[in-house]
Trainee: 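One structure is given below, represented as structure tokens, and several questions about it will come after.
None of these values were measured; they are calculated from a predicted model. Numbering of residues begins at 1 and proceeds along the displayed sequence. No hydrogens, no waters, no symmetry mates; every other heavy atom, side chains included, goes into these values.
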Amino acid sequence: LNAGRIVAVKGIGGYHLAFSALDAHAVERLRERKYRKEKPFAVMARDLASASRLAMIDDEHRSLLLDPSRPIVLAPARAILAGVSPCTDEIGVMLPYAPLHALLFAMGAPDPLVMTSANRSSEPIAFRDDDAGERLHGIADALLVGERPIARRVDDSVMAVRGGERAVLRRSRGLAPASVARLGTDRPILALGADLKNAITLVVSGRAIASPHIGDLGDLETDRAFEETVRDLLSMYEIDPRELVIAHDLHPDFVSTRLAARLPCMRRMAIQHHEAHVASVLAERGEPDRRVIGIALDGTGYGTDAAIWGFEFFSGSVREGFVRQGHLRPARLPGGDAAARWPVQAAAGFLHELDTPDLLAPPFGFPPRYLLARQMAGRDVRCFPTTSAGRLFDTVAALCGFTREVSFEGQAALWLEHQAHQARKGGPPYPFPDLDPRPLLHAVMADRIAGRDIGEIAHRFHSAVAHALLATASRLASQSGTRDVALSGGVFQSRLLRTLLADRSQRQPGLQLLFNREVPPNDGGISLGQAALASARAPTA
């Protein structure tokens, strides 16, 4: 490790790839070997004092770092570690949680160490010794192997502080499998989650047992891990499939949906993606009858009209169900899922009705791909209607300068938030009337042409989103006779957006904002919401 080598270290739930976080050449080598171009790496600090030199640790962060689960904790970066956390002003830090980690540091291992999952990008973590030796060939320079076999793979948990509250971003080692809620049913329910950031939930005797994080389905190894987890939980709790209710996403082509069709059960239920997001917030609190305004913001979710949803407002409760009450003004999405990889492609759909300047020229510098996508949008060829918040964030990121392909999910939005944190000043929110983004996008383009600071533009955009969310929620709340607002979806992982919402709601009291506390706001928490809605609809045993 001190010589700059990359070592696969066997841990509790799998292997880590470890090397000195201070060695920029080692960082670059691993990114090349692992095909992980820019996604941030987590680091392990020797102790709390070392962690405090890397990140700004307040009391909440300190409590999370010292929690017995020993998660990775995202905190504002204090030190700059070349190549470790590009495109963000946060760093993921954890403390030693296994005796081997303490021994490594006691014997003089570099402090801090990058400790990242031992796999190639998109694959699950390696946890069997023979598998690790084969899969990590050409990635690790050496393997540190113990004799005790690992029964089940499990990644590190990830936590953060958002809006002054603890937030679970990945529920795994130390936190799962475990009960996260009590649901009002004695019927066994298996909720299979979504295809991104997959985790499943099994309801036994009314207890919702959340599985560890599994990963993004669609890769052979991850799909196998997904099915293994299903078999493990059903076997562990001795569930008779003939009594089982299976809840799955509404999307007909999800890997998880196809597995649901193959599993024996008493009944299957398709649950709309964003309703499940909102339901997860109430399920954690054990309040199925609590009426709320639900807000779900994310990148992709299959809507009841077969469109791509992602900026949604609902009213209702888990018990009575949810009614869609509002959404972002729909845009066209040329190429469908491909637009999630190319922000300029998403921008072509959101901008195609607008009079725009030459976006291939400075200061925008869009690549030629934009013109092709613009033509597709203009002719409505291979375009899909969307209300996706994620693609709106991508569009603004493209207008601010992120014009290349993303190398991991959410990268453009993370980059945009990073720019906002660098802003010299804030400024008023952009116009976002009735959830119509066109005036907002016009203003962004005008400010870019005028040479306004990118950070300020990014900050005003985030402010516009926060303002629109609270204004719409307030209007719907007054109509529905409630002041409670449940917010979920991957967009609410944003530290800046959560801070803006907290600040604005304190200045304008009247709404009670409820966020996820036990399961991730991203798709890792979807299965709990699916289970909660299925429990309300399923007959008791």
Trainee: Restricting to salt bridge (Lys or Arg N to Asp or Glu O under 4.0 Å), what partner residues turn up for Arg262, sequence neighbours left out?
Mentor: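 Applying salt bridge (Lys or Arg N to Asp or Glu O under 4.0 Å) to Arg262 gives Glu227.
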
Trainee: Excluding sequence neighbours, so at least two apart, what forms ring-ring contact (aromatic ring centres under 6.0 Å, His included) with His277?
Mentor: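 Result, ring-ring contact (aromatic ring centres under 6.0 Å, His included) vs His277: His273.
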
Trainee: With sequence neighbours excluded, give me every ring-ring contact (aromatic ring centres under 6.0 Å, His included) pair touching residues 99-138.
Mentor: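 ring-ring contact (aromatic ring centres under 6.0 Å, His included) check on residues 99-138 returns Tyr97-His101.
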
Trainee: Arg31: which residues meet the side chain to side chain donor-acceptor pair (under 3.5 Å) condition with it, sequence neighbours left out?
Mentor: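 With sequence neighbours excluded, Arg31 shows a side chain to side chain donor-acceptor pair (under 3.5 Å) to no residue whatsoever.
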
Trainee: Could you list the residues that satisfy side chain to side chain donor-acceptor pair (under 3.5 Å) with Asp129, not counting sequence neighbours?
Mentor: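 Partners of Asp129 by the side chain to side chain donor-acceptor pair (under 3.5 Å) criterion, ordered by chain and then number, come out as Lys10, Tyr15.
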
Trainee: Please list, chain by chain and in numerical order, all residues satisfying ring-ring contact (aromatic ring centres under 6.0 Å, His included) with His213, sequence neighbours excluded.
Mentor: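 Testing His213 for ring-ring contact (aromatic ring centres under 6.0 Å, His included), a comparison that skips the adjacent residues, returns none.
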
Trainee: Can you list the residues that meet the side-chain contact (heavy atoms from CB on, under 4.5 Å) rule with Phe384, with sequence neighbours excluded?
Mentor: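 Counting only residues at least two positions away or on another chain, Phe384 forms a side-chain contact (heavy atoms from CB on, under 4.5 Å) with Ile308.
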
Trainee: With sequence neighbours left out, what residues match Asp232 under side chain to side chain donor-acceptor pair (under 3.5 Å)?
Mentor: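 For Asp232, the residues satisfying side chain to side chain donor-acceptor pair (under 3.5 Å) (neighbours in sequence not counted) are Arg152.
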
Trainee: Could you tell me which non-hydrogen atom of Ile246 sits nearest to which non-hydrogen atom of Pro264, and how far apart they are?
Mentor: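 What the structure gives for the nearest pair is CD1-O, 4.3 Å.
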
Trainee: Tell me which pairs pass side-chain hydrogen bond (donor to acceptor under 3.5 Å, both in side chains) where either residue lies in residues 80-95, with sequence neighbours left out.
Mentor: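 Qualifying pairs: Asp89-Arg495, Glu90-Arg162, Glu90-Arg495.
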
Trainee: According to salt bridge (Lys or Arg N to Asp or Glu O under 4.0 Å), who are the partners of Asp141, at least two apart in sequence or on a separate chain?
Mentor: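 With sequence neighbours excluded, Asp141 shows a salt bridge (Lys or Arg N to Asp or Glu O under 4.0 Å) to Arg33, given in chain and number order.
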
Trainee: Holding to side-chain contact (heavy atoms from CB on, under 4.5 Å), I want the full list of residues that pass it with Val158, two or more places apart in sequence or in another chain.
Mentor: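 Per chain and number, Val158 pairs via side-chain contact (heavy atoms from CB on, under 4.5 Å) with Ile72, Leu74, Leu169, Arg170.
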
Trainee: Can you list everything that forms a side chain to side chain donor-acceptor pair (under 3.5 Å) with Asp111? Sequence neighbours excluded, please.
Mentor: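 Partners of Asp111 by the side chain to side chain donor-acceptor pair (under 3.5 Å) criterion, ordered by chain and then number, come out as Ser50.
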
